[in-house]
2 protein chains.
Amino acid sequence: MLNEFDLFKDFLRQQNLRWTPQRKMILEVFLSFEGHVEMEALHKQILIHQPDLGIATLYRTLKLLTDCGLIEAHSFQNGKKTYERMFHVRHHDHLICTRCGDTVEFEHPLIEKYQLQICEQYGFTLKHHKMELLGICRNCLK
Amino acid sequence: MLNEFDLFKDFLRQQNLRWTPQRKMILEVFLSFEGHVEMEALHKQILIHQPDLGIATLYRTLKLLTDCGLIEAHSFQNGKKTYERMFHVRHHDHLICTRCGDTVEFEHPLIEKYQLQICEQYGFTLKHHKMELLGICRNCLK
DNA sequence: CATTAAATTGATAACGGTTATCAATATAAA
DNA sequence: TTTATATTGATAACCGTTATCAATTTAATG
Ligand SMILES: [Mn+2]
Ligand SMILES: [Mn+2]
Ligand SMILES: [Zn+2]
Ligand SMILES: [Zn+2]
């Protein structure tokens, strides 16, 4: 059964890039998170495993993981990126509370279908999409 | 008939802020653009009217216009913001060509309706949303 | 019109997440 | 081992945007 490590190794070999302890460790730590991972939290956790890992290596590795499709980078409100596991994860979109930052994942097949229709109508080849519903969550309204 | 200038003046008065020549000029120049306005293009055009206008004043004024709802700030791919007139403009979402950057505006009533349903389902009060369909346009495929 | 308190302006420094640079080091193929 | 090349970590640079601050302008009041 294929997993993320195999896929990453294959991707690296294909591009004449190298499988290194740092890349292995970063992927391991990343996968230990759930949902949307912020750079700051990830970096903090990674320093526990390897205190001298350069921040540049972390950014570079996340870019590689993005390039090979294993993870996805989001640019939500505040300018900071978050990263999300993509392998063996269903597509979904996000509800985001603008007060507390909480996010809820959802999927809606008809919305997905209409998006495709719209692209056809305008002659676009859809690669991906971003749909974020921004509002106030139940807790924050209390 | 109310226009953007009246609304902006009212907003400023309400907040104990002041109606200044700079704010008037920035709004005028902004309204002379169509669609999505990039800071760089706006700034260039503004310097024609007032060569010594400080960039901070431009940012501050765009923030005010955003706060009072006359314009909306988008954060597309590249980190730069674009601004869009909101007053007397129908809501719409965007198709974006990731190759040439061209954008097409569209609206789809059913998608809007389902978005509201999803928010109800999860107990969110929807404030606004962002839907971007990213793909390759007809021209770029040739 | 003159006075006055408070808001605004423009210049510029600072910010912060991210990327580029580069010499030292590690990888992997031969 | 040898060798070519990719990678790493430190750190400077980047760049759009914000914060700071003294000088100026606004608008309410007398
Ligand atoms: Mn998600
Ligand atoms: Mn919409
Ligand atoms: Zn909330
Ligand atoms: Zn295009």
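Sequence lines set the chain letters: A, B, ... in the order given, protein chains first and strands last, and positions in each chain run from 1.
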Can you name the closest pair of heavy atoms from B/Leu2 and B/His88 and give their distance?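 Where B/Leu2 meets B/His88 most closely, the heavy atoms are O-CE1, 4.5 Å.
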Does A/Arg18 contact D/dT5 through a side-chain donor or acceptor facing the base, at a distance under 3.5 Å?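 Side chain to base: pair present.
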Mind checking whether A/Arg138 and B/Phe124 have side chains closer than 4.5 Å, heavy atoms only?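 A/Arg138 vs B/Phe124: side chains apart.
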Hey, which of B/Glu4, B/Glu34, B/His36 is the one that makes side chain to side chain donor-acceptor pair (under 3.5 Å) with B/Arg85?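 Filter result, single survivor: B/Glu4.
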Quick one: which of [options] gets closest to the side chain of [X]?
X	options	answer
A/Ala56	C/dG10, C/dT18, D/dA10	D/dA10
A/Trp19	D/dT18, C/dA28, C/dG17	C/dA28
B/Lys81	C/dT9, D/dT17, D/dT8	D/dT17

For the pair made of [atom1] in [X] and [atom2] in [N], what is the distance, rounded to whole Å?
X	N	atom1	atom2	result
A/Leu17	C/dA29	CG	P	13 Å
A/Leu47	D/dG9	CG	C1'	12 Å
A/Leu53	C/dT25	CG	P	17 Å
B/Arg23	D/dA27	CZ	C1'	13 Å
A/Leu58	C/dT19	CG	P	11 Å
A/Leu12	C/dT27	CG	P	13 Å
B/Lys24	D/dT26	NZ	C1'	16 Å
B/Gln15	C/dA6	CD	C1'	15 Å

Nearest-nucleotide comparison on DNA chain D, the residue closer to the 5′ end among B/Tyr83 and A/Gly54: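 Looking at the nearest nucleotide for each, A/Gly54 comes out on the 5' side.
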Determine whether A/Tyr83 and A/Met25 fall in the same hydrophobic cluster, where Ile, Leu, Val, Met, Phe, Trp and Tyr are linked whenever their side-chain heavy atoms lie under 4.5 Å apart.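 Yes, one cluster joins them.
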[N], OP1 or OP2 - any side-chain N/O from [X] closer than 4.0 Å?
X	N	answer
A/Thr20	D/dT8	yes
A/Gln50	D/dG9	yes
A/Gln22	C/dA26	no
A/Arg60	C/dT18	no
A/Tyr59	C/dT18	yes

Return the 5'-most residue of the pair B/Pro21, B/Ile55 with respect to DNA chain C, ranking by each residue's nearest nucleotide.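 Taking each residue's closest nucleotide, the earlier one in sequence belongs to B/Pro21.
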Electrostatic pair A/Lys44-A/Glu40, nearest N-O below 4.0 angstrom: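 Not counted as a salt bridge, because no side-chain N and carboxylate O are separated by less than 4.0 Å.
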